[in-house]
Amino acid sequence: MEKIFDNTQVAFALKSDTELDRAYFLFKMIDNQPLVRIGTAVTNFALKANLPVEGLIRATVDHFCGGVNEVDCLSVVDKMYTKGVSSVLDYSVEGKEEEEQFDAALEMTLKTIEFAKERQAIPFAVFKPTGLGRFALYEKLGEKQTLTADEQVEWNKVLARFDLVCSEAHKKNVALLIDGEESWMQDAADDLVTDMMRKYNKEKPIIFNTLQMYRWDRLDYLKKLHEQAKKEGFFIGMKLVRGAYMEKEIARAEEKGYPSPICASKEATDENYDAAVLYMVEHLDTMAIFAGTHNELSTYKLMELMQEKGIKTNDDRIWFGQLYGMSDNISYNLAAHGYNVAKYLPFGPVKDVMPYLIRRAEENTSVAGQTSRELSMIKAERNRRKGK
Ligand SMILES: Cc1cc2nc3c(=O)[nH]c(=O)nc-3n(C[C@H](O)[C@H](O)[C@H](O)COP(=O)(O)OP(=O)(O)OC[C@H]3O[C@@H](n4cnc5c(N)ncnc54)[C@H](O)[C@@H]3O)c2cc1C
C-alpha cells in the first residue's frame, strides 16, 4: 500500500501558520507529562471552585472541541467538509447521574440526529449508554442481579430513551453510533444495543454498537453476534476501537481478583483489532464497519484489504474515524484518496467536557521518551512551510 499519511501538507491544509503554531505549543505543553498531571489536578480544582480558567484550558478546549453547543460546531463541520472530511457531533458530557440530565442528553442526541439528517457533512449521530441512564443500573443488570421495583421503573425509562433515539435514527435514515464504555457495565448495554439492531437494522445497518478490541473476548463475541444476526435476519453495524479505559479495567480486575479482560500486550490488542477488521470485511454482506482508530498500520491494513477485495474506496459500508484535533494526517489524506472518513467533534460546556479532554491530554503525552505523534507531525509541517 502506498504510504500516504506522511503528507503533512494535505494533513494541515486547513490550518494557518498561526493555528499551526498554536497547536505546536499546545502539544509541547501536553507532551510534558508532569505538567499534564499537575495541570489536570489544578484544573479540576479550578473548575469545581468556579474559578475563571484561561490559557492552557482554553487552548485545549479550542483544539479538541467544536464549541459549547451544536450550533457552534457548524463552522468547523463545513470547513472540514471542504476537504471531504465528515463530522460526528459528539455531546461529550460525561458522568451524570440525574434523570433530568439523561433527558437533556436524550434531547441533544435527537437534535444531532436531526442535524445529521439535514447535512451530508454529518453522516452519523452518536451517544454514550451512560448518557441515557445510571452507570450502576447497567452494572447491576450486567451482574445478573435483580433490580428493585424502583430501579425497574428507572431502567424502563432507559429502555424508552434508547428506543426513541434508535427509532428516530431509523425513521430519518441517519446511522447511529453507540459508544463502548467500562466492561462491567457493557454487558447490559450490549444486550440493549443488540435489541435495537434486531429491531432497526432489518433493511441495513443503522444502529452501530462498539467493540473495544483491547478486550480478548470481543472477537468471539462478534462471531456469536454474527450467527445470531444471520439466524434472525438483521444487519450488524460495529465501530471497532482499541478501547480507552485500560488502566481502570486492569486496576478493577486486580482489586476484585478476577482475570483481567484486557489483552496481555499491546501487540495482542493490535492483532485482535486487525482480526476483527478482517472478519468484518469478509462479511460485508451483513455488516458495516466504522474503524475508529489513530493507528496508521491498522488503517493501512484496512485500506489494503479493500484494495485486495476490489471494494471501492467510498463503499458506504466502510468508514474510517478519528477524533477532532488528532491524527489529521490520517483523516485528510484518507479523504484526499476518496475514502469515507469522519471525525468525532466533541461539544458541551467546558466543565462537563473535562473528563474527555483529560483522556486526550493523557493519550498525547510522550511514550517511552518519544515525541508524541501529533507533535512530530506538526513539527514536520512547520519545517516544510519554512522550507527546511
Ligand atoms: C472515532 C473514535 C471513536 C472512539 N470511540 C470509543 C469508544 O466508544 N469507546 C472507547 O473505549 N474508546 C473509543 N475510542 C478511543 C479508542 O478506544 C482508543 O483509546 C484510541 O483511539 C487509541 O487507540 P488507537 O487504535 O487509535 O491506536 P494505538 O495508539 O495504536 O493504541 C493505543 C491503544 O492500545 C491499547 N493498549 C495500549 N497498551 C496496551 C497494553 N499494554 N496491553 C493491551 N492493550 C494496550 C489501548 O486500548 C490503547 O488505547 C474512539 C476513538 C476514535 C478515534
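Counting convention: from 1, in listed order, for ligands and their atoms alike.
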Can you confirm whether the side chains of Ser298 and Asp274 place a donor and an acceptor under 3.5 Å from each other? yes
Pair [X] and [Y], ring centroids less than 6.0 Å apart:
X	Y	answer
Phe208	Phe290	no
Tyr273	Tyr214	no
Trp319	Tyr339	no
Trp155	Tyr138	yes
His63	Tyr324	no

Among Phe115, Phe64, Tyr356, Tyr91, whose ring-ring contact (aromatic ring centres under 6.0 Å, His included) with Phe347 holds?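 Among Phe115, Phe64, Tyr356, Tyr91, the one meeting ring-ring contact (aromatic ring centres under 6.0 Å, His included) with Phe347 is Tyr91.
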Of the side chain and backbone of [X], name the one, both, or neither that has a heavy atom under 4.0 Å from an atom of ligand 1.
X	answer
Tyr273	neither
Ala268	neither
Lys239	side chain
Gln322	backbone
Thr210	side chain

Within the structure, does Tyr245 bring an N/O atom to less than 3.5 angstrom of an N/O atom in ligand 1? no
Under 3.5 Å: N/O of Gln212 near N/O of ligand 1: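 Between Gln212 and ligand 1 (N or O atoms, distance only) the closest approach is under 3.5 Å.
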Among protein heavy atoms, which lies nearest [atom], and at what distance?
atom	answer
atom 43 (C) of ligand 1	Thr269 OG1, 3.0 Å
atom 37 (C) of ligand 1	Lys266 CD, 3.5 Å
atom 26 (O) of ligand 1	His294 N, 2.7 Å
atom 17 (O) of ligand 1	Gly243 N, 2.6 Å
atom 29 (O) of ligand 1	Arg373 NH2, 3.1 Å
atom 24 (P) of ligand 1	Thr293 OG1, 3.6 Å
atom 4 (C) of ligand 1	Val241 CG1, 3.6 Å
atom 9 (N) of ligand 1	Gly180 O, 2.9 Å

As a test of the contact definition, would atom 52 (C) of ligand 1 count as having a protein heavy-atom neighbour under 4.0 Å? yes
Check the angle between the aromatic planes of Tyr200 and His170 and answer parallel, tilted or perpendicular using the 30° and 60° thresholds. tilted
I want to check a possible cation-pi pair here: Arg382 against Phe25, using under 6.0 Å from ring centre and within 45° of the ring axis as the test. yes
Is it the case that Lys202 places NZ or CZ above or below the six-membered ring of Phe235, under 6.0 angstrom from the centre and within 45 degrees of the axis? no
Any chance you could lay out the ring pair (Phe, Tyr, Trp, His ring centres under 6.0 Å) test for Tyr221 and Trp216, step after step, and finish with the verdict? CA-CA 10 Å; Tyr221 174 85; Trp216 48 260; over 10 Å; no
Can you see which heavy atom on Pro123 is nearest to which on Ser87, and at what distance? CD-O, 3.4 Å
Should one rank Arg242, Met246, Gln186 by closest heavy-atom distance to atom 33 (C) of ligand 1, which comes out on top?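 Going through Arg242, Met246, Gln186 one by one, Arg242 has the nearest heavy atom to atom 33 (C) of ligand 1.
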With atoms numbered from 1 as shown, which atoms in ligand 1 lie under 4.0 angstrom from a non-hydrogen atom of [X]?
X	answer
Asp179	8 (O)
Gly321	1 (C), 53 (C)
Cys263	42 (N), 43 (C)
Ala244	10 (C), 11 (O), 12 (N), 17 (O), 19 (O)

Can you list the steps and then say if Val165 with Phe127 is a side chain to side chain contact (heavy atoms under 4.5 Å, CB included)? CA-CA 9 Å; Val165 284; Phe127 74 92; 3.7 Å; yes
